[in-house]
Each structure stands twice: as C-alpha cells, then as structure tokens.
Amino acid sequence: MQNADIARTFNQLADLLEIQGANAFRVRAYRSAAQTIEGLSAAVSDMIERGEDLTTLGGIGKDLAEKIETLHHSGSLPALDEAGKQVPAGLIELTRIDSLGPKRVKALYDELGVDSLDALKQAAREQRISALSGFGRKTERKILEEADRLHQQAGRTRLDEARQAAEGLRHHIEQCAGVEQVVVAGSYRRRRETVGDLDMLVVAEDGERVMAHVGEWQEIERVALRGETKTTVHLNSGLQVDVRVVPGESFGAALYYFTGSQAHNVAVRKMAVARDLKLNEYGVFESDEQLAGRTEEEVLAQVELPWIPPELRENCGEIEAAQAGKLPELVTRDDIRGDLHMHTTATDGKASLEEMAEAGRRQGYNYIAITDHSQRLAMANGLDAARLREQLADIDELNERLKRFTVLKSIEVDILEDGQLDLPDEVLGELDLCVASIHSRFNLDRERQTERLLRAMDNPHVSLIAHPTGRIVNGRDGYELDMQRIVDGAAERGVCLEINAQPARLDLRDIHARMAKEAGVLIAISTDAHATDQLDHMVFGVDQARRGWLEKDDVLNTRTLPQLRKALKR
DNA sequence: GCCGTTTTCGGCCCGACTGTTTTCAGTCG
C-alpha cells in the first residue's frame, strides 16, 4: 500500500461522507490527512513496519492512525465499505460536474434516484430536474452541458504546456488599457509539475474593462462565468483560467492568497486568527483597519513570518522553518555551471558534438558532459566500446580547440536486468563520469528493481543515476522502487542522483529530491537534451529542485570544474 | 476527526459568483 493509495482512499471516504451530509470538519479532517500523507517523503507503510507513531503527523490523530494501520494490514477500509452502502460510489463522479456539489448530488439521488452520469442526463432531458425545489431551468441546462463536457475534459496539464497558454493570455491582458500588472499565481507559480488550472491576477482600477478584454482572447472556447472582479474562461486547449482583478493596495495579499497551496493558506490564516487578525485576499485586517496588503512581505510580516518562496508553500514544514529562521536558500538557474546529460547524432540526438558544445557555451556554462546511449539501446543506435572510444578521441580533439569551456567524457550506460552495466569496466574507466540508467524491464517487482539499481551503484565507475524512477508525467508511474533504500544506498556509495529536467520526466520528483538532500546525496540537475534548444529545459529541473528544498551546495553541477571532479571521486 | 499561550470541549479560513430566491444556499477556489 503506497502513500498515494492511502490518500486516495481517504479522499474517496471524504467524498462519500460529504454526500451523506456528514460534519464538514470531519470531511475536512480526512482530506487534510490525505494531503499530509501525499506530501510525505517516507512511505507510511515503512513507518508502520518500523513501529513509528503516526499521530505525530499533523492532522492525524488516534482514529486516523488506526484507519491507516487497518489499510496497511488488510488493504481495505471498513469505514469506506460502510459509507459505500449508504450512498452509491457512482455519485462521486457526479460531483466532478461543474456546478454539481455534494448537496445537489444527494438531492438528485434522494428525489430522482440519479446514481450515474447516464441517469443524470436522462433526468435533465426529461426536465425532471427543474421540477425539484432549488433547481431551475438554467441549472438543468447547465448540468446537461457540463455532463457532456466531462468526457472531453483533460486532467492536469503539464507545466511546460501550461506555460505556453499562460504567456499567451498574459500578453493579451497586458494590452488592455489601465492594466498595471499581470501575474500568474496558483500551482503554476509554485512550479508544480502539472497544473489543474491557471490563476491570473490583474492589477487595474477598472475591473469591468479587464473582464471584457479577457473575453476577447482568441484562444477562448467559452466564458464559464463573469462578474465584476472575477471571470472564468475555458481555453481551446481545455485549460481553465480564472482571472481576478485586484487594486494595487491588495496585490500582495491577493498574490499570496491565490498562490496557495490551500493547505499552506489555511495554516497561515490560523496564525492570523490567533493574533485577532483577519487575513483574506484583500489584506490583513484588525477589525476594519487594513494593516497590510500591497506586498507579500508585509502580509507575512503581520504573522511574524519572513517571505517564503512559492515552491515551498505546501504546508510541509516551510512554516516551521520560516519561524525558526531556517528557510533554505534555494538553488537558482544562475547557480548552474554545466549540464551533465545530453545526446548527439552519434546516437539519438539531433545535433553534433560540436553543436552541443557551442549550445552549452551559449547557456553560459563552463562545461557539459556528452552522455550518449550504450549498445543495448539498439533503437537509439547505442555505442559499443569501439564507437565510444572514437567519440572520446573526438572530444579530446574538440577540447583542444575550445577555450574556457570543457566537454566531459561520459556515457549514459544501460543498467541491465541483473544490475550489471552494458559496457566493460575498462572503457568506463576512461570517462570523466559515468551516468547509468534503466531503459528496460520496468516491470520487475519492488525488491528486484531496488536490488538492480543498488548493484549498478556498486560498480565504482558509476557517478550518477539518471531519471532514477523512470516515471513519465501524465504518462506512466515509475517502476516499483524502495526509494529510501535507493537514497540511503546512494549516500553510502557516494553516488549522485539526477533530477531530469525534461518537463515530461522531472525525475526525481520533488519529495524524493528532498529525501535525497536529507540523506546527504548530491543531486545533478540535467536536461537530457536531444537537441540544442532542449538545453533550455534546465529551468524546469531547477524549479523541481527548489520544490525539493535544494540549495546551491546540494546540487552537483553548481560546482566549478575542479570542484566537480573532486565531488565525483567516490 | 483534530487539537490546545483562552480551551480536553467547542471551536475549526474566507470571499465571489450564480441561480433561485425575496434573504440565501450551493459551489468553487
């Protein structure tokens, strides 16, 4: 039972309880516990095996700790089965329809027996919904429209795709007269790997004018709602965007509020309440007097907190760290001195050795490492020892011509099923660094996959494990791994782990990067570029590193070349 | 269901928008 499974179970139970009309705070307790568990770097099942007390976790008391243990030992939860008997689980899907929440779903079920999407559509078409008290013709029509849309609705959008949409719309809004500033807040600003929607904040006096201007954007499929200060639109790409207009004196409060996360906001607002203050998107207030609101710094100062980087605002220890003056100084793109993972035309890259070097230099780097694939990856035209040695000679020749820039000799060597490497040790010994990774047999069980990676790290030539979990964002889960053992194993052996900066990989993910930092494992942030323009992906890797609390010293490729060579010695 | 610098009971974050209402409930973020 993984953390995500436990979190999902609690969220399901919360959904069912909500439809039943259970105490809203009880429902919230389940959701908050789910969030806590999802944000943990350690596996809850391991904590139970080690006999740790789960009630030390925030939002988890005696009852929820027992339920987690029940889940861990039996794989199911009687409370969930019980709730499922009270209301059909199919109702949860109905709450995903925009404008249908738990109360209305319950009413539709009680009054009309609606327990599925099809039953809902039929009831709407037969106009039985508008006959109910509290429902009207408009609501009925809207339900029908939204039920049809539900099928085509995408899930969360990858950050790089969201960036395209966000920048386009932001530019459009900036053209509106009277607009002083446009900022994208929400999970986009926190740099989560995917976003559910976009939250845009506009500083302007005339809200009506901005709302009208937004409605004219060419990429809009439809306007879902529109008020004086807030409008929600759906883009052709399927992405939902909320645009809000705020006055300048509230900009900091609004930016803070709409950046979230929700869990972070709730925690900070509680701190305001404890000081007899009210904190909302317009500012910090003592009775009716506004004490702060123009900047995030002055808002946070009212609850005696320093400014907290958005990437950390997940209520996973950042508030406590801020109070103790122990916030990390997060790594930045400017700290990066080189890129340690990229391919050339020798295998499946699109650019030559020399073109990659030139592109690396244009990034402002001091060095890059060329890491083409090894022979096992036949479809990528992987290198055998002889072809690798040819490339090494080419690199020597290139380095003699380059000034104040170094191309490091490397390889992305395949890790075979038994943990052996795909090239002989003697040729690996001729490299500056050896990057190893898995490209096959993703389906081994957890124990064997973990052993496989540990065996690979046993090879003294291995410097770095690339995309350690093999996951693809919105694509596939990583292979089964005991991450704690991988991280501890890397720490013992002096092996580094990669944050692969491809927006589709971002592997390690944030919580595992943080786990590695805590174990003292150095992280390389690398683009895995297969073309020169993909070196630009470095920013996504840096964002992910920041979400993992990494500082400059935690990152291998912030080092100068001599420091790097030293750090690579095992 | 959780939690404690006012509390082991009684609180628990806050506001915009919509539709169906004559003053507000439901939903969403």
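The chains referred to below are lettered A, B, ... by the order of the sequence lines, with proteins before strands, and numbering in each begins at 1.
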- Message: Using the C1' atom as the point on both nucleotides, what is the distance between B:dT23 and B:dT18, in whole Å?
- Response: 15 Å

- Message: I'd like the P distance from B:dC12 over to B:dT20, given in whole Å.
- Response: 32 Å

- salt bridge (Lys or Arg N to Asp or Glu O under 4.0 Å) partner of A:Glu146, chosen from A:Lys121, A:Arg96, A:Arg222, A:Arg141: A:Arg222

- Item | Protein-nucleotide distance (A:Ile19, atom CD1; B:dG26, atom P), rounded to Å | 14 Å

- Message: A:Glu18 and salt bridge (Lys or Arg N to Asp or Glu O under 4.0 Å): which single residue from A:Arg104, A:Arg26, A:Arg31 fits?
- Response: A:Arg31

- Can A:Thr194 and A:Arg156 be counted as having a side-chain donor-acceptor contact under 3.5 angstrom? yes

- Message: I'd like to know if the side chain of A:Asp118 pairs up with that of A:Gln122 as donor and acceptor (distance under 3.5 Å, no hydrogens or angles considered).
- Response: no

- Message: Is it the case that the base of B:dG29 and the side chain of A:Tyr257 share a donor-acceptor contact (distance under 3.5 Å, atom types as modelled)?
- Response: yes

- Hey, does the side chain of A:His172 reach the backbone of A:His213 with a donor-acceptor pair shorter than 3.5 angstrom? yes

- Query: B:dT22 and B:dC17: how far apart are their P atoms, nearest whole angstrom?
  - Reply: 23 Å

- Whole angstrom value for the distance that separates C1' of B:dT27 from CD of A:Gln240: 12 Å

- Note on the structure: When rounded to whole Å, the OH to C1' distance for the pair A:Tyr30 and B:dC3 reads 16 Å

- Message: What is the distance, to the nearest angstrom, from the CD atom on A:Gln262 to the P atom on B:dG15?
- Response: 15 Å

- Item | Partner of A:Val114 under side chain to side chain contact (heavy atoms under 4.5 Å, CB included), chosen from A:Val105, A:Leu91, A:Leu120 | A:Leu120

- Item | Contacts of A:Glu314 that satisfy side chain to side chain donor-acceptor pair (under 3.5 Å) - sequence neighbours left out | A:Arg190, A:Arg547

- Message: Here's a test of your reading of the structure: between A:Arg28 and A:Leu100, which maps to the more 5' nucleotide of DNA chain B?
- Response: A:Arg28

- Task: For B:dA16 versus B:dT21, give the span between their P atoms, rounded off to a whole number of Å.
- Result: 24 Å

- Task: Starting from P on B:dC28, measure out to CD1 on A:Ile143 and report it in whole angstrom.
- Result: 11 Å

- Query: Do A:Glu167 and A:Arg170 sit within salt-bridge range, that is, some charged N less than 4.0 Å from a carboxylate O?
  - Reply: yes

- Message: In whole Å, measure the gap between the C1' atoms of B:dT7 and B:dC2 for me.
- Response: 14 Å

- Message: Over all strands shown, is A:Asn265 touching base, sugar-phosphate only, or nothing at heavy-atom distances under 4.0 angstrom?
- Response: nothing

- Give a yes/no on whether any side-chain N or O of A:Lys270 is located under 4.0 angstrom from OP1 or OP2 of B:dC3. no

- Query: Taking OP1 and OP2 of B:dA16, is either one under 4.0 Å from a side-chain nitrogen or oxygen of A:Tyr282?
  - Reply: yes

- Message: Please give the distance between the C1' atoms of B:dT6 and B:dG11 as a whole number of Å.
- Response: 12 Å

- Item | Identified pairing partner of B:dG26, criterion: Watson-Crick or G-U wobble below 3.5 Å | B:dC17

- Message: In this structure, how many angstroms lie between the P atom of B:dC28 and the CD1 atom of A:Ile97, rounded?
- Response: 10 Å

- Side-chain atoms of A:Arg244 come closest, of B:dG1, B:dC14, B:dG29, to B:dG29

- Message: Among B:dC12, B:dC2, B:dG29, which nucleotide has an atom closest to any side-chain atom of A:Leu64?
- Response: B:dC2

Give me the distances for all protein-to-nucleotides 17-23 of chain B N/O pairs that come in under 3.5 Å?
unit_1 : atom_1 : unit_2   : atom_2 : d
B:dC17 : OP1    : A:Glu228 : N      : 3.1
B:dC17 : OP1    : A:Thr229 : N      : 2.9
B:dC17 : OP1    : A:Thr229 : OG1    : 3.2
B:dC17 : OP1    : A:Lys230 : N      : 3.0
B:dT18 : OP1    : A:Arg226 : N      : 2.9
B:dT18 : OP1    : A:Arg226 : O      : 3.1
B:dG19 : O3'    : A:Thr139 : OG1    : 3.1
B:dT20 : OP1    : A:Gly136 : N      : 2.8
B:dT20 : OP1    : A:Gly136 : O      : 3.3
B:dT20 : OP1    : A:Arg137 : N      : 3.4
B:dT20 : OP1    : A:Thr139 : N      : 3.4
B:dT20 : OP1    : A:Thr139 : OG1    : 3.1

- Query: Salt bridge or not for A:Glu281 and A:Arg244, using N-O below 4.0 Å?
  - Reply: no

- Task: Would you classify A:Lys106 as touching base, sugar-phosphate or nothing, given that sugar-phosphate means primed atoms plus P, OP1 and OP2, and contacts are heavy atoms under 4.0 Å?
- Result: nothing

- Message: Using whole Å, what does the distance between atom C1' of nucleotide B:dC9 and atom CZ of A:Phe25 come to?
- Response: 14 Å

- Closest listed nucleotide, where the reference is the side chain of A:Asp98 and the choices are B:dG1, B:dC14, B:dC28: B:dC28

- Note on the structure: Rounded to whole Å, the CG-P distance (A:Leu201 to B:dG29) equals 16 Å

- Task: For A:Lys103 and for A:Val27, find the nucleotide of DNA chain B with the closest heavy atom, then tell me which residue's nucleotide is more 5'.
- Result: A:Val27

